[in-house]
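A short write-up of the structure that comes next.
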Protein chains: 2
Amino acid sequence: MQRRKFLKAAGVGTVAAAAFPMPAIAQSNPQIKWRLTSSFPKSLDTIYGAAEVFSKAVAEATDNAFQVQVFAAGELIPGLQAADAVSNGTVEMCHTAPYYYVGKDPTFAFGTAVPFGINSRMQNGWRYYGGGNELMNEFYKKFNLFGMPGGNTGAQMGGWFRKEIKTVEDFKGLKMRIGGFAGQVIAKLGAVPQQIAGGDIYPALEKGTIDAAEWVGPYDDEKLGFYKVAPYYYYPGWWEGGAMLEFFVNTAKWAELPKHYQSLVLTAAGLANVHMQAKYDAVNPAALKRLASSGAILKPFPNEVMEACFNSANQLYDETMAKNGDFKKVYEALKAYRADQYLWFQISEYTFDTFMMIQQRKKTL
Amino acid sequence: MQRRKFLKAAGVGTVAAAAFPMPAIAQSNPQIKWRLTSSFPKSLDTIYGAAEVFSKAVAEATDNAFQVQVFAAGELIPGLQAADAVSNGTVEMCHTAPYYYVGKDPTFAFGTAVPFGINSRMQNGWRYYGGGNELMNEFYKKFNLFGMPGGNTGAQMGGWFRKEIKTVEDFKGLKMRIGGFAGQVIAKLGAVPQQIAGGDIYPALEKGTIDAAEWVGPYDDEKLGFYKVAPYYYYPGWWEGGAMLEFFVNTAKWAELPKHYQSLVLTAAGLANVHMQAKYDAVNPAALKRLASSGAILKPFPNEVMEACFNSANQLYDETMAKNGDFKKVYEALKAYRADQYLWFQISEYTFDTFMMIQQRKKTL
């Protein structure tokens, strides 16, 4: 309190700054207040919580000089317009899933996940050390956005269905809430995709406006209550094998930020990134067990369905690349990276996990 | 420069602090210099680099007011004594693998990885949101250490062997460099484990002082040159399915640190944690391909060997729990967590990865 009063009295950063060395010190942590709009409701504490982890880390490290106030979806801005609000400067930053904006440009999909893309760990490798951050920011720049990885859900579940999916034919006419680019993949198989924000899915599924819906995984899905109205819980969510969240900052606001605050923002985003995945991983198993005991019927998508979706996705990639240079550039980079990653991951990582899963089934763990 | 001169002249934090509100502002980022000793040589840029990622994040966010100077293994302190130097206050902090200190207490092993433990993502879930950080710090406190997750290698390779491992019998008399608690597991099978710091392994293997050696995975192992002297490259490294590194801070130094610097240290450690795993994941595939084309012969451990090691590990857990209350407390917590994790990971994550690996083998990726 005293400190802020003093800052005001001293006219820090204006007249006094020229006269004494003193204000230069006070400026080392200038008072800055930003607003961050989240695409998620507070009730989804893991995904919404990533923005809070970020905000807390920034405030604490600067002794509350740099404050980023987090607003839930709808408080300032509707959930699916978070990036627009950053793009036009209404708020300084947001926490969102870039694939919500595939309507503007399908290249946004790579910021979250694309069908049959890469898993959570591969996403981090790609973004931080595989050229992914550079490629995505080259693209985001067109929308006045600077992006940073801000959490991951891991491989999502395939969602909740009122009826069983036995063959590809069962997608025909199916109205399904599905995130991002995947909607176009299932549309090729005859489904009718819908983009609906997290908080609005349950009523649509309950009323029968939609026949199926996917959100994230056990912990969130249990909260949203889907098991009450659609019993079949399919996996895997092949359209988001590692769905990444993003912190977007308005590029002009980013350029104005003192260098050491820029660095802190990147560091705090890294913390939020690792924490969000860690929290989902810690809380999902118990939720899965509760869902199963509440009557959810776990089903893997039949292999025929997986193959058909894979082929449909590859057709869509080809069509989209033919029309969109940005999409082509990012997809080709990701494709090369993906093949090598799946070569490597099947060696030690997969063999270790497989052995352990066999033990889990034998109840020897 | 001007700023530091001024700080000196004003006697910040001593006499002046009591008289005016001004120095309180200057104190917001007090000048602090710490030393961090790494257990790793600079040449292993991924694992050593995690300490640099940490140090850079701390320095940048404070405009260089808080500097943590990183020293490679041997510059100040030998690689395997890093935690001792923090424990006795020789340096403020270190970056190390806690399982190097199992000779003091086997409970240290849980800070890195235990045989047939949990994978990298599960480690983060356990440490940040599964009670792991609290449990480990309760234990570390006895050694004047405060620990934070500081990177992960992912599931390691099983190492380099001069001769094939066809049955459990092949472990008899085998002199092997192996990290942490796993040495005791293979000792039960008749092997002679050795603990040797990273930089010293190659000469031992070349001279025939040892018959086999494991380090981390393709990227590091290639640098260390093992493929030149031991052709069989086994997987998985069942003793480190997700080997975590740790930043240790001396508890007294930690208590002296201003609260906002404490927060920044935790945040920067989180960044280093996610970056180290990301970098290994990004660089390992190309290294694996180079090793294979240099003549490395990739081999999975036979299932019979895996089962024998699993049983041997479980015997060792029982024996160690009977003797050591700390070990028992942590192992029981980890065991319950592990079973639930492998239940959940085999649903969506594993099914997605499996489908993608099949495509990789079919060359359709």
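Since the model is a prediction, treat every value here as computed from it, not as a measurement. Per chain, numbering begins at 1; letters A, B, ... match sequence-line order.
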Please classify the contact of [X] with chain A as side chain, backbone, both or neither, using a heavy-atom distance under 4.5 Å.
| X | answer |
| --- | --- |
| B:Lys289 | side chain |
| B:Tyr128 | side chain |
| B:Val265 | neither |
| B:Leu343 | both |
| B:Asp353 | both |
| B:Arg127 | neither |
| B:Lys279 | both |

- Task: Under 4.5 Å heavy-atom distance to chain B, tell me which part of A:Leu266 shows up: side chain, backbone, both or neither.
- Result: backbone
- Item | Pairwise distance OG1(B:Thr62) to NE2(B:His260) - rounded to 0.5 angstrom | 8.5 Å
- Note on the structure: With B:Phe116 as partner, the option from B:Trp238, B:Tyr317, B:Trp239, B:Tyr331 fulfilling ring pair (Phe, Tyr, Trp, His ring centres under 6.0 Å) is B:Trp238
- Task: On the 0 to 90° scale, with breaks at 30° and 60°, tag the A:Tyr219-A:Tyr280 ring pair as parallel, tilted or perpendicular.
- Result: perpendicular
- Task: With sequence neighbours left out, write down each residue that passes side-chain hydrogen bond (donor to acceptor under 3.5 Å, both in side chains) with A:Glu60, or none if nothing qualifies.
- Result: A:Lys56, B:Ser263
- Message: Can you give me the closest heavy-atom contact between A:Ala61 and A:Leu264, atom names plus distance?
- Response: CB-CD1, 3.8 Å
- Message: Listing request: all salt bridge (Lys or Arg N to Asp or Glu O under 4.0 Å) pairs with a residue in residues 303-315 of chain B, at least two apart in sequence or in separate chains.
- Response: A:Lys362-B:Glu307
- Using the benzene-type ring in the case of Trp, are the ring centres of A:Tyr350 and A:Phe345 under 6.0 Å apart? no
- Item | Top of B:Ala336, B:Ala339, B:Ala269, B:Gly241 for chain A proximity - count of heavy-atom pairs under 4.5 angstrom | B:Gly241
